[in-house]
Amino acid sequence: EDVDLMTVVATGGPPGASNNLVLSSISDFETTTGDPAELFNLIGVVSNVSPTVDILTKDGKETQRCSITIFDSSQRAIEVAFWGADISCIPRDLVINESIIMFTNIRIREFKGTVSATFSYQSLLYSQPKAVFAAHLSLWLSKNKLKLSYVNWNQMIIKKDVGPEDWKKSNLADAILSTTE
């Protein structure tokens with residue numbers, strides 16, 4: 001049976017996590033990005049790890065930036081940015097379209113029409129978490145793996161410059177995943 005991962009409430013989370021950890025679906029951020037002070041928990045499959053780049057901030061400081069793009073069973077993707085020393089938190093053994101990672105306490109924001117997440121000092125990253133919601137995502141992934149290989153997840157990152165109806169009409173992932181083998 002198909003299980004909607006985002007309706008699952010954890011009965012046992014990773015070390016240090018609440019037994020009632022609530023996960024947000026990436027698709028939740030199509031309509032809202034929430035309060036800038038609000039923290040979210042996400043789980044997803046790694047679709048991309050960007051190279052580390054040197055950045056000059058608005059106030060003239062040099063730093064580095066790297067990001068991980070993840071997708072979930074809502075068939076949407078989001079980029080999670082890591083800045084400076086936080087880049088060292090990224091596991092080196094991530095496998096594209098296979099590794100499942102969970103983020104706790106990340107911030108979601110909209111910048112120039114694109115929704116993204118930021119890993120910060122309050123955030124935690126769990127690679128291949130051993131929890132109920134990870135098992136459900138893994139099951140969904142195994143059922144859809146062949147179809148998922150045709151999806152460009154960078155095109156599935158939520159953009160705010162198109163309305164929800166336009167997004168649905170142009171969603172390649174929906175079309176690919178709804179076809180029968």
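Quick note: numbers below take in every heavy atom, side chains included, and nothing from hydrogens, waters or symmetry partners.
Separating the OG atom in Ser24 from the CD1 atom in Ile108 is a distance of 7.5 Å, to the nearest 0.5 Å. Summarising the geometry, atom OG1 belonging to Thr52 is positioned 6.0 Å from atom CD belonging to Gln64; distances are rounded to the nearest 0.5 Å. The structure places OG of Ser67 at 9.5 Å from CH2 of Trp83, a figure rounded to the nearest 0.5 Å. In this structure, Gln75 CD and Ser25 OG are separated by 10.0 Å, a value rounded to the nearest 0.5 Å. To the nearest 0.5 angstrom, Asn144 atom CG is 11.5 Å from Asn97 atom CG. The distance from the CD atom of Glu38 to the CZ atom of Arg107 is 10.0 Å, given to the nearest 0.5 Å.
Shortest non-hydrogen contact noted between Ser127 and Leu94 is OG-CD2, 4.0 Å. Across all their heavy atoms, Glu98 and Leu141 have their closest contact at O-CD2, 3.9 Å. Annotation for Asp86 and Tyr121: closest pair OD2-N, 4.3 Å, computed over non-hydrogen atoms. The two residues Asn41 and Thr104 have their closest heavy-atom pair at OD1-CA, 3.1 Å. When all heavy atoms are compared, the tightest approach of Ile78 to Leu42 is CG2-CD1, 4.0 Å. Ile43 approaches Ile70 most closely through the heavy-atom pair C-CD1, 4.2 Å.
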Legend entry - CA sep, side-chain torsions, deciding dist, call: Phe103, Tyr126, ring pair (Phe, Tyr, Trp, His ring centres under 6.0 Å): CA-CA 6 Å; Phe103 296 96; Tyr126 300 94; 9.5 Å; no
Inset, instruction - Could you go through the side-chain contact (heavy atoms from CB on, under 4.5 Å) check for Ile55 and Glu62 one step at a time? - result: CA-CA 6 Å; Ile55 301 284; Glu62 290 184 19; over 6 Å; no
Inset, instruction - Kindly determine whether Cys66 and Val53 satisfy side-chain contact (heavy atoms from CB on, under 4.5 Å), including the steps that lead there. - result: CA-CA 7 Å; Cys66 185; Val53 294; over 6 Å; no
Inset, instruction - List the steps, then state whether side-chain contact (heavy atoms from CB on, under 4.5 Å) holds for Leu39 with Ile106. - result: CA-CA 5 Å; Leu39 300 173; Ile106 61 171; over 6 Å; no
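The shortest distance between side-chain heavy atoms of Pro129 and Ile100 falls below 4.5 Å. Using a 4.5 Å cut-off on side-chain heavy atoms (C-beta onward), Met102 and Phe133 make contact.
Under 3.5 Å, the side chains of Thr114 and Ser116 contain no donor-acceptor pair of N or O atoms. Side-chain contact, Thr69 with Ser47: no donor N or O sits under 3.5 Å from an acceptor N or O.
Criterion: ILVMFWY side-chain heavy atoms under 4.5 Å apart, direct or through other members. Under it, Ile26 and Ile96 are part of a common hydrophobic cluster. Residues Ile101 and Val95 do not share a hydrophobic cluster, clusters being chains of Ile/Leu/Val/Met/Phe/Trp/Tyr side chains in contact below 4.5 Å.
In terms of modelled atom types and a separation under 3.5 Å, the side chain of Ser138 and the main chain of Ala135 share no donor-acceptor contact.
Relative orientation of the Phe82 and Phe119 rings is parallel, given thresholds of 30° and 60° on the angle between their planes.
Using a 4.0 Å cut-off between charged nitrogen and carboxylate oxygen, Arg65 and Glu79 count as a salt-bridge pair.
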